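All remarks here apply to the structure that follows.
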Amino acid sequence: MAFSTDPAGSSGPESPARLQDAEHEANQLVQIRLNKTAALRARGVDPFGRRFERTNTARQIIQEYPASEQEQVKIAGRLMSQRVHGKASFADLRDSSGRIQVYARVDDLGTDAYQDFVDLDVGDIVGVTGRVFKSRRGEITVAATEVLLLTKSLRPLPEKWHGLRDVDLRYRQRYLDLLVNPEVRETFEKRSAIITAVRAFLNQRGFCEVETPVLQTLAGGGHARPFTTHHNALDMDLYLRIALELFHKRLIIGGFDKVYEIGRVFRNEGISTKHNPEFTMLELYQAFADYTDMMELVESMFSTVARQVLGTMVLNYQGKVIDLTPPWARMTMMEALDKYSGLGWDSLPDDDTSRRVAGSLGIDVSDKPTAGMVLDRIWSDLVEPHLVGPVFITDYPVEISPLAKRHDDNPKLTYRFEAFINGFEACNAFSELNDPLDQRQRFVEQTREKAKGNDEAHVFDDDYVLALEYGMPPTGGLGVGIDRLVMLLTNTASLRDVILFPVLRPK
RNA sequence: GGGCCAUUAGCUCAAUGGUAGAGCUUCCGACUCUUAAUCGGGAGGUUACAGGUUCGAGUCCUGUAUGGCCUACCA
């Protein structure tokens with residue numbers, strides 16, 4: 001094997017002595033590789049090489065066969081396994097496109113280069129020059145004429161056919177998870193494709209992608225506890241955003257017709273298979289539209305993205321078949337409540353009555369002081385589990401929708417909907433409240449809620465009301481949890497399967 | 001926050017309260033078409049951590065750490 005020469009000689013920054021510190025010293029497997037690395041340096045070979053110009057990826061070569069037969073190729077990737085047969089060897093090379101077999105013979109490489117090839121370790125990153133052929137067993141293979149070590153790997157990879165199972169290690173060392181569990185890579189490639197498809201869909205509809213502040217003096221636009229941080233120069237506390245909403249509507253006031261943002265939001269709450277403290281939210285706002293336009297947009301966007309990424313609008317999610325083909329079913333919140341719990345709007349007129357009614361249904365509401373919170377509990381216990389196929393639930397009560405426009409026919413309700421898929425909320429949308437007087441009053445009510453013990457009630461945002469006073473056109477707005485959309489489209493049960501580096505306690 | 005479970009070699013996993021084992025990896029040797037290559041021979045352990053019970057603890061008890069599942073929270 002021809003190695004690139006090391007211009008720095010053997011006095012590189014990571015001399016064996018330095019790497020032997022700490023727990024390196026204890027591990028025999030690492031020590032052997034450190035010794036090999038030192039031996040390479042002693043021969044003037046750089047174990048951490050330079051750029052390598054590839055002509056093909058593994059997948060290209062295999063897809064183009066038999067046209068690629070006998071073709072000279074240069075490929076690069078990580079050595080994933082080695083089968084040494086005396087004076088001839090096979091190895092598997094993995095690059096981002098897939099896996100391809102490499103064949104090395106002493107006759108082709110010469111004695112020294114062949115020995116260097118045999119001395120490689122699983123995990124090493126190499127560049128291979130060779131000729132494409134099909135082995136006797138029928139596998140498309142590159143017969144190496146030159147092998148260049150590009151990066152020496154000092155640690156053994158996880159076991160080759162069980163992969164990495166320990167979930168703790170999978171999240172803490174996601175790079176290993178990605179290397180040895182191919183389906184994990186596929187999930188994250190799909191995530192990227194989904195987000196690309198969402199952007200393309202919105203751009204095509206004339207939406208303008210915007211960026212709004214992550215650091216905010218008030219964490220508004222949602223019901224959640226924020227993370228707090230501090231700005232030193234201004235000597236003031238700032239909050240990480242919990243939603244995108246209020247800044248987007250300021251943009252609509254400023255004359256934008258259609259805006260969207262796909263951004264990280266932060267909520268200082270529990271961690272579970274459906275919750276991560278930071279997650280990705282899509283929000284969009286469209287002037288001169290209302291929530292019915294948002295319904296059409298959601299149906300169209302979800303089904304289009306599914307068709308583009310998966311090739312079908314019919315999903316199989318955790319054993320359930322879910323058909324995203326528009327139009328989706330529609331039901332008011334009261335219709336759904338009546339259908340699945342037998343309760344009507346009149347059953348929950350005030351805080352005390354609501355708590356009594358819930359108690360009689362056997363639902364624990366000891367920590368639910370208000371009628372709105374009781375309704376939510378009944379809703380998630382009795383109704384949500386039934387909402388499997390995509391369904392728009394409309395007309396939410398005004399108390400729990402402080403930024404949504406009031407219903408013309410019933411001032412207790414709003415022009416709001418959530419889409420439910422497989423029992424959980426896939427999006428939240430409404431005709432935006434653009435009456436600054438009503439908005440001010442809603443904030444006042446939220447402040448009262450807060451006083452009653454709901455520490456996730458909205459904060460009063462005077463500056464936002466000021467903006468509304470200049471006039472916001474009638475507007476439809478929508479929020480979508482991107483991570484949950486990805487879960488749905490990749491058939492994964494845990495949010496941690498769609499977030500590359502989920503929050504973990506330090507070990 | 002509560003309950004249950006898990007933690008043993010680099011990785012995947014075994015081990016009635018009685019000498020800590022296997023496969024993969026790794027090392028040495030053989031082998032010029034293998035693909036979980038094969039064959040022979042080695043090395044590799046503070047059984048997560050700290051205590052306790054016991055003649056004797058990977059195993060039983062207590063606590064701690066990390067993770068998983070359920071539950072709660074997240075309207």
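Chain naming here is simple, since letters A, B, ... match the order of the sequence lines and numbering starts at 1 in each. None of these values were measured; they are calculated from a predicted model.
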Legend entry - Comparing A:G163 and A:S380 on RNA chain B - which has the more 5′ nearest nucleotide: A:G163
Legend entry - Minimum-distance nucleotide (side-chain atoms of A:Q28 versus B:rG67, B:rG42, B:rC31): B:rG42
Inset, instruction - Have a look at A:D92 and say if it touches a base, only the backbone sugar-phosphate, or nothing, with a 4.0 Å heavy-atom cut-off. - result: nothing
Inset, instruction - Could you please name the partner base of B:rC39, counting Watson-Crick and G-U wobble pairs only when both distances are under 3.5 Å? - result: B:rG29
Inset, instruction - Select one nucleotide: of B:rU12, B:rU26, B:rA37, the one nearest the side-chain heavy atoms of A:H85. - result: B:rA37
Legend entry - A:K36 side chain near B:rC27 phosphate (N/O to OP1/OP2, under 4.0 Å): yes
Inset, instruction - Classify the nucleic acid contact of A:P277 as base, sugar-phosphate or nothing, counting any heavy atom under 4.0 Å across all strands shown. - result: nothing
Inset, instruction - Could you tell me whether the side chains of A:N181 and A:R165 share a donor-acceptor contact shorter than 3.5 Å? - result: no
Inset, instruction - Have a look at A:L169 and say if it touches a base, only the backbone sugar-phosphate, or nothing, with a 4.0 Å heavy-atom cut-off. - result: sugar-phosphate
Legend entry - Distance (rounded to the nearest 0.5 Å) between A:R191 CZ and A:I482 CD1: 7.5 Å
Legend entry - Strand partner of B:rG45, provided both Watson-Crick or wobble distances fall under 3.5 Å: none
Legend entry - Presence of A:R172 side-chain N/O under 4.0 Å of B:rG67 phosphate oxygens OP1/OP2: yes
Inset, instruction - May I have the distance from A:E159 (atom CD) to B:rU12 (atom P), rounded to whole angstrom? - result: 8 Å
Legend entry - Pairwise P distance, B:rG58 and B:rU53 [rounded to whole Å]: 16 Å
Inset, instruction - Kindly say if A:R83 contacts the phosphate of B:rA37, meaning a side-chain N or O under 4.0 Å from OP1 or OP2. - result: yes
Legend entry - Sugar-phosphate only, base, or nothing, as touched by A:R137 at under 4.0 Å among non-hydrogen atoms: base
Inset, instruction - With heavy atoms under 4.0 Å as the rule, sort A:Y103 into base, sugar-phosphate or nothing. - result: base
Inset, instruction - Answer yes or no: is there a side-chain heavy-atom contact under 4.5 Å between A:D290 and A:K405? - result: no
Inset, instruction - Using a 4.0 Å heavy-atom cut-off across all strands, classify A:R267 as base, sugar-phosphate, or nothing. - result: nothing
Inset, instruction - Could you give me the CA-CA distance, side-chain angles and deciding distance for A:Y396 and A:F430, then say whether ring pair (Phe, Tyr, Trp, His ring centres under 6.0 Å) is met? - result: CA-CA 10 Å; A:Y396 280 66; A:F430 30 90; 9.3 Å; no
Inset, instruction - Let me know, please, whether A:E139 or A:G270 comes out on the 5' side of the other along RNA chain B by nearest nucleotide. - result: A:E139
Inset, instruction - Using a 4.0 Å heavy-atom cut-off across all strands, classify A:V106 as base, sugar-phosphate, or nothing. - result: base
Inset, instruction - State, yes or no, whether a side-chain contact exists between A:I140 and A:Q63 at a heavy-atom distance under 4.5 Å. - result: no
Inset, instruction - Give one of base, sugar-phosphate or nothing for A:L29, where a contact means two heavy atoms less than 4.0 Å apart. - result: base
Legend entry - Residue A:V167, side-chain heavy atoms: nucleotide from B:rC33, B:rU34, B:rG67 that is nearest: B:rG67
Legend entry - Residue pair A:Y103 / A:R131, side-chain heavy-atom distance below 4.5 Å: no
Inset, instruction - Please determine if a side-chain N or O atom of A:K160 lies less than 4.0 Å away from the OP1 or OP2 oxygen of B:rU25. - result: yes
Legend entry - Base of B:rU34 paired with side chain of A:Q101 (donor-acceptor, under 3.5 Å): yes
Inset, instruction - Classify the side chain of A:D121 versus the base of B:rU26 as yes if they form a donor-acceptor pair under 3.5 Å and no if they do not. - result: no
Inset, instruction - Could you tell me whether A:F133 contacts a base, only the sugar-phosphate backbone, or nothing, with contacts defined as non-hydrogen atoms closer than 4.0 Å? - result: base
Inset, instruction - Report yes if a side-chain nitrogen or oxygen of A:R136 is closer than 4.0 Å to either non-bridging phosphate oxygen (OP1 or OP2) of B:rU34; otherwise report no. - result: no
Inset, instruction - Determine the contact category for A:R105: base if any of its heavy atoms lies under 4.0 Å from a base atom, sugar-phosphate if only primed atoms, P, OP1 or OP2 are that close, otherwise nothing. - result: base
Legend entry - Flag side-chain contact, heavy atom, 4.5 Å: A:Y464 against A:Q439: yes
Inset, instruction - To the nearest Å, give me how far apart CG (A:D108) and P (B:rC33) are. - result: 13 Å
Inset, instruction - Mark yes or no for a side-chain to base donor-acceptor pair under 3.5 Å between A:S135 and B:rU34, with no hydrogen or angle criteria applied. - result: yes
Inset, instruction - Report the distance from atom CG of A:L504 to atom C1' of B:rU66, rounded to the nearest whole Å. - result: 10 Å
